[in-house]
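Sequence lines set the chain letters: A, B, ... in the order given, protein chains first and strands last, and positions in each chain run from 1. Bear in mind that the values here come from a model prediction, so they are computed numbers and not experimental data.
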2 protein chains.
Amino acid sequence: MDAITESSKSSVDGIIAALTEAVHEHRLQPGTKLREDEVCALFGVSRTIVRQALRSMAQEGLLTIRKNKGAMVSQPSLKEAHEVFQARALLEPSTARAAAQRASPEDIARLNAHIENEHAAVDRGEAGLALKLSGDFHLEIARIADQQTIEAFLRQLISRSSLVIALYWRRRNALCESHAHHALVDALASGDGEAAEQLMKGHLLDLLSQLDLREREAGPATLREALKR
Amino acid sequence: MDAITESSKSSVDGIIAALTEAVHEHRLQPGTKLREDEVCALFGVSRTIVRQALRSMAQEGLLTIRKNKGAMVSQPSLKEAHEVFQARALLEPSTARAAAQRASPEDIARLNAHIENEHAAVDRGEAGLALKLSGDFHLEIARIADQQTIEAFLRQLISRSSLVIALYWRRRNALCESHAHHALVDALASGDGEAAEQLMKGHLLDLLSQLDLREREAGPATLREALKR
DNA sequence: TGACGTGGGATCGTATACAATTTTCGCCTA
DNA sequence: TAGGCGAAAATTGTATACGATCCCACGTCA
């Protein structure tokens with residue numbers, strides 16, 4: 001975790017933003033422990049502020065706090081991973097449909113700029129940044145749909161998707177989903193809600209298929225079992 | 001706010017539970033201000049704990065906190081009210097379908113007991129309690145579907161529905177939705193997912209139709225306008 | 001030598017003290 | 001008497017102090 005020096009409206013929000021970004025970009029891996037004093041030193045605030053930030057992120061599912069054990073980046077189970085993508089499958093397609101109805105030329109321009117940035121990040125080999133931008137793309141669609149409630153849920157689901165991807169991503173190279181994003185923008189630009197809904201549904205299924213969510217066979221139950229040659 | 005004396009696993013969780021229940025039962029109305037010291041005195045804890053509880057509830061949308069102004073029970077706008085029910089319409093029908101596949105006899109018994117309690121509360125004229133139980137019924141279905149992620153979202157949406165109902169409910173007497181709940185249980189008991197999904201969809205539309213979510217015409221813009229006879 | 005217990009350091013949980021901001025109310029003036 | 005100014009009270013925001021719990025290493029004893 002590098003030195004982070006930023007000024008924000010609220011110290012708490014700033015810490016949340018910085019830590020969340022680090023998780024989204026996979027600079028903070030699932031399982032990483034976040035000691036309060038350490039975060040205090042990094043941001044130059046008291047534990048009061050840091051604890052507010054950590055609790056807030058825990059409520060969003062990004063961190064896990066166990067009593068007297070501190071906070072760590074969450075490690076979603078297989079079941080949780082499935083649930084996250086099932087929830088996204090319920091929310092995002094119809095949101096894309098609504099966005100198609102409302103998208104302004106400025107919105108389309110912004111989305112295209114987003115895709116540009118994704119490409120640039122991929123070209124520079126910054127996979128983490130590309131992943132974060134990909135998430136932002138999905139969020140932007142909810143914003144265009146003008147659905148703040150769903151947008152808030154989606155923000156949470158996309159955050160947790162980052163964790164799922166960190167844990168269960170199959171091939172490390174291929175993150176070539178910008179094709180799908182491009183097709184989506186086309187549908188949005190032409191106001192074709194039905195197409196946007198179907199494309200989003202397919203895109204999410206595609207993402208899901210690139211995860212390795214098969215049940216791991218449980219490791220040896222006993223030490224004796226583990227050592228049996 | 002009455003005296004609340006309960007022991008819970010965590011003080012914070014206890015306060016959240018008590019305050020949330022009070023909001024659900026409409027004993028705490030939208031707009032009510034919650035001063036920290038007041039809550040401290042009621043529960044016999046320090047402000048540290050109370051502030052944790054208030055912030056947590058604010059993140060769920062139940063309270064609104066403005067900097068240096070304190071916390072109050074949220075007053076959802078018309079737009080927010082629409083969004084809450086739109087989100088429920090996306091999540092609940094398919095959750096009911098999933099629940100129909102998984103419901104055990106014990107689950108059905110529990111749901112029927114729920115409906116009994118609702119009836120009893122209505123008979124005793126405790127409208128607030130009946131409303132809370134009605135919300136719990138919907139949550140129970142998500143629990144049966146074994147979808148913890150969606151259940152968490154639904155918990156939030158149902159909480160906020162309580163606020164919407166407090167603000168926009170049309171007739172104060174008729175809360176006769178137990179018919180709908182009964183039909184839903186029948187569908188769940190017979191494992192008919194399709195029927196459960198449709199019933200839930202209809203039930204939510206029915207609820208929505210009982211709200212008065214028409215746009216209020218804006219009041220006179222100027223004082224002069226307001227005084228014009 | 002290894003298992004167990006114990007002490008100290010590290011870390012988290014809660015309460016309190018202090019600072020900043022807002023609200024209230026009395027007083028003065030036009 | 002209405003309005004505005006200002007000081008004090010009330011309330012929230014942040015930091016710090018203290019207590020509880022956990023973790024690890026060291027030492028003792030079989």
Run the side-chain contact (heavy atoms from CB on, under 4.5 Å) test against [X] and tell me which residues pass, sequence neighbours left out.
X	result
B:Ser104	B:Glu106, B:Asp107
A:Gln75	A:Pro30, A:Met72, A:Leu167
B:Gln101	B:Arg97

Results of side chain to side chain donor-acceptor pair (under 3.5 Å) for A:Arg110 - residues two or more places apart only: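 So A:Arg110 forms a side chain to side chain donor-acceptor pair (under 3.5 Å) with A:Glu140.
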
Using atom names, set out every protein N or O paired with an N or O of nucleotides 15-17 of chain C below 3.5 Å, distance rounded to 0.1 Å.
{"residue": "C:dA15", "atom": "OP2", "partner": "B:Ser46", "partner atom": "N", "Å": "3.4"}
{"residue": "C:dA15", "atom": "OP2", "partner": "B:Ser46", "partner atom": "OG", "Å": "2.7"}
{"residue": "C:dA15", "atom": "N7", "partner": "B:Thr48", "partner atom": "OG1", "Å": "2.6"}

Could you work out, with ring pair (Phe, Tyr, Trp, His ring centres under 6.0 Å) as the rule, every residue matching B:Phe137, not counting sequence neighbours?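 Testing B:Phe137 for ring pair (Phe, Tyr, Trp, His ring centres under 6.0 Å), a comparison that skips the adjacent residues, returns B:His181.
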
Could you give the CD1-to-P distance, from B:Ile65 to C:dT21, as a whole number of Å?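 Rounded to the whole Å, the gap is 18 Å.
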
Sorted by first residue and then second, give each ring-ring contact (aromatic ring centres under 6.0 Å, His included) pair with at least one member in residues 143-164 of chain A; sequence neighbours left out. A:Phe153-B:Phe153

Suppose the criterion is salt bridge (Lys or Arg N to Asp or Glu O under 4.0 Å): which pairs have a residue in residues 125-134 of chain B, not counting sequence neighbours?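 Every salt bridge (Lys or Arg N to Asp or Glu O under 4.0 Å) pair that includes a residue of residues 125-134 of chain B, provided the two are not neighbours, is B:Arg124-B:Glu126, B:Lys132-B:Asp136.
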
Provide the full list of salt bridge (Lys or Arg N to Asp or Glu O under 4.0 Å) pairs with a residue in residues 48-65 of chain B, sequence neighbours left out, each pair given once.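 Residue pairs with at least one partner in residues 48-65 of chain B: B:Glu36-B:Arg51.
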
Could you write out each protein N or O paired with an N or O of nucleotides 22-25 of chain C at a distance under 3.5 Å?
none

Between which nucleotides of DNA chain D, read 5' to 3', does contact with chain A run, using atoms under 4.0 Å from its heavy atoms?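 The protein-touched segment is D:dT14 to D:dC23.
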
Let's see if you get this right: which residues in residues 55-64 of chain B place a heavy atom under 4.0 Å from DNA chain C? none

